[in-house]
Protein chains: 2
Amino acid sequence: MSKSEVVELPVLQDGGVVPCCPPITAGELSQADAEKMAAMFKALSDPVRLRLFSKIASHPGGEACVCDIADVGVSQPTVSHHLKKLREAGLLTSERRGTWVYYQVAPSVVAAMAAMLDLRS
Amino acid sequence: MSKSEVVELPVLQDGGVVPCCPPITAGELSQADAEKMAAMFKALSDPVRLRLFSKIASHPGGEACVCDIADVGVSQPTVSHHLKKLREAGLLTSERRGTWVYYQVAPSVVAAMAAMLDLRS
DNA sequence: CCAGCGTATCGACAGGCATCGAAGCAAGGA
DNA sequence: TCCTTGCTTCGATGCCTGTCGATACGCTGG
């Protein structure tokens, strides 16, 4: 299947600038909004995924090769599984360059999360 | 077990002001930090819990009676189960006042999340 | 003291998910 | 052409969790 499968990004609208959901403190969440936000939080609700995400996010340029981040204490297939989950949640994008596959932090993801938390400073 | 069981708040230190973990983009997360953050995100990774939390957070004073928020489409025991999860995650506190039980958003929770997201405004 | 209401816990069940080894696919070098 | 290396997918397994009905607990009013 590779990368052609777009899973209709849960947390970001097409532009990537407008958050999907109103702030969590702005009123009662609709069922649909709650499900979108839950999907995003669920993607970050695993320690392994959190460590993978932070390793990528803290790399220069917000991107890293799998081989650079695979050391998180679980087997290599499991790492691949978690990266796929993060990709499906719209938090990461992936790109093959020759032998290696690079993962990048999807743009505006952090801003979308900030909007959910009502942190328009 | 009842409520005397304190689950050593995952995301907030004793004072409640200092976040537990470095920003997610500041470098590689330690195993311990990743587990604390994951526990918090996991608490918010369910649509029902998200709706309950937002209902409480959007109530005046950041507090609400269970009877005011219980209409989220699941049975009463399930609502109670989810509120317990949010309490154990340190996101909510509860207090009995006469017949009713009131839940409040734990102070500084949102600030702690903001710190994780590297949003030092 | 008892009946009634609001909330929490219990026990059970089904579905979801993290994990692994094995196998498959892609790219590059001998 | 084959082998090696990097990554993904597959199938199986065991644990975790969301859900419910039944039941227990706490409080208030009669």
Side-chain angles (χ1 to χ4, degrees), chain A residues 1-5 7 10 31 34-35 37-53 55-56 63-89 92-104, chain B residues 1-7 10 31 34-35 37-53 55-56 63-89 91-104:
Chain A
M1 48 182 69
S2 77
K3 84 187 68 173
S4 62
E5 187 173 323
V7 202
Q31 180 71 23
E35 285 175 2
M37 292 179 62
M40 166 165 197
F41 284 126
K42 178 171 284 184
L44 292 174
S45 70
D46 183 275
V48 173
R49 284 199 288 273
L50 228 29
R51 295 186 70 191
L52 289 171
F53 187 85
K55 281 193 174 198
I56 296 171
E63 88 168 19
C65 168
V66 174
C67 55
D68 289 331
I69 60 175
D71 183 24
V72 285
V74 294
S75 70
Q76 191 276 324
T78 302
V79 169
S80 190
H81 165 75
H82 284 305
L83 288 172
K84 183 180 182 180
K85 288 273 187 143
L86 288 168
R87 222 190 319 139
E88 289 176 347
L92 296 179
T93 59
S94 66
E95 182 186 353
R96 176 162 218 127
R97 290 207 284 272
T99 304
W100 296 280
V101 175
Y102 289 81
Y103 278 80
Q104 303 97 23
Chain B
M1 49 183 72
S2 77
K3 83 187 61 173
S4 62
E5 187 173 323
V6 180
V7 204
Q31 180 71 26
E35 285 176 2
M37 291 178 62
M40 167 164 196
F41 284 126
K42 178 173 284 185
L44 293 173
S45 69
D46 182 276
V48 173
R49 283 198 290 272
L50 228 30
R51 296 186 72 191
L52 289 171
F53 187 85
K55 281 194 174 197
I56 295 170
E63 90 167 18
C65 168
V66 175
C67 56
D68 289 331
I69 60 176
D71 183 24
V72 286
V74 295
S75 69
Q76 185 272 323
T78 303
V79 169
S80 189
H81 166 74
H82 285 305
L83 288 173
K84 182 180 182 181
K85 288 274 186 135
L86 288 168
R87 223 191 317 140
E88 289 176 346
L91 298 178
L92 295 179
T93 60
S94 66
E95 182 187 353
R96 176 162 217 127
R97 291 209 283 273
T99 304
W100 297 279
V101 175
Y102 288 80
Y103 278 79
Q104 304 96 23

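Note that this is a predicted model, so its numbers are computed, not measured. Each chain gets a letter, A, B and so on, in the order the sequences are listed, and its residues count up from 1.
- Of all heavy-atom pairs spanning A/F41 and B/L44, the tightest one is CD1-O, 3.4 Å.
- Under the rule for a ring pair (Phe, Tyr, Trp, His ring centres under 6.0 Å), B/Y103 has no partner lying at least two apart in sequence or in another chain.
- In this structure, A/Y103 reaches the sugar-phosphate backbone alone: every heavy-atom distance under 4.0 Å involves primed, P, OP1 or OP2 atoms, never a base.
- The phosphate of D/dC10 has neither OP1 nor OP2 within less than 4.0 Å of any side-chain N or O from A/H81.
- Shown here are the side chain to side chain contact (heavy atoms under 4.5 Å, CB included) partners of B/C65, two or more places apart in sequence or in another chain: B/C67, B/D68, B/W100, B/Y102.
- Across B/I69 and B/L52, no two heavy atoms sit closer than the pair O-CD2, 3.5 Å.
- When the C1' atom of C/dT7 is taken as reference, atom CG of B/L92 falls 15 Å away, rounded to whole Å.
- Rounded to an integer number of Å, the gap from CG of A/L86 to P of D/dT8 is 12 Å.
- Residues passing the side-chain hydrogen bond (donor to acceptor under 3.5 Å, both in side chains) test with B/Q76, sequence neighbours excluded: none.
- Legend: residues meeting side-chain hydrogen bond (donor to acceptor under 3.5 Å, both in side chains) with A/E63, ordered by chain and number and at least two apart, are A/R97, A/Q104.
- Comparing A/K85 and B/S80 by the nucleotide of DNA chain C that holds the closest heavy atom to each, the one mapping nearer the 5' end is B/S80.
- The distance between atom NE2 of A/H82 and atom P of C/dA18, rounded to the nearest whole Å, is 6 Å.
- Shown here are the side-chain hydrogen bond (donor to acceptor under 3.5 Å, both in side chains) partners of B/T78, two or more places apart in sequence or in another chain: B/S75.
- Residues meeting the side-chain hydrogen bond (donor to acceptor under 3.5 Å, both in side chains) test with A/T99, sequence neighbours left out: none.
- Rounded to an integer number of Å, the gap from B/E95 CD to C/dA8 P is 13 Å.
- Taking atom CG on B/D71 and atom P on C/dG6, their separation rounds to 14 Å, with Å as the unit.
- Shown for residues 42-53 of chain A: no residue has heavy atoms falling under 4.0 angstrom of DNA chain D.
- One can place NZ of B/K84 at 16 Å from P of D/dC16, the figure rounded to the nearest angstrom.
- Here the C1' atom of nucleotide C/dA8 and the CD atom of B/E88 are 12 Å apart, to the nearest Å.
- Annotation: side chain to side chain donor-acceptor pair (under 3.5 Å) contacts involving residues 37-50 of chain A, sequence neighbours excluded, comprise A/R49-A/H82.
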Can you name the atoms? Protein N/O to nucleotides 21-29 of chain C N/O, anything below 3.5 Å, with the distance.
none

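- As rounded to whole Å, 13 Å separates atom P of D/dG18 from atom CG of B/L83.
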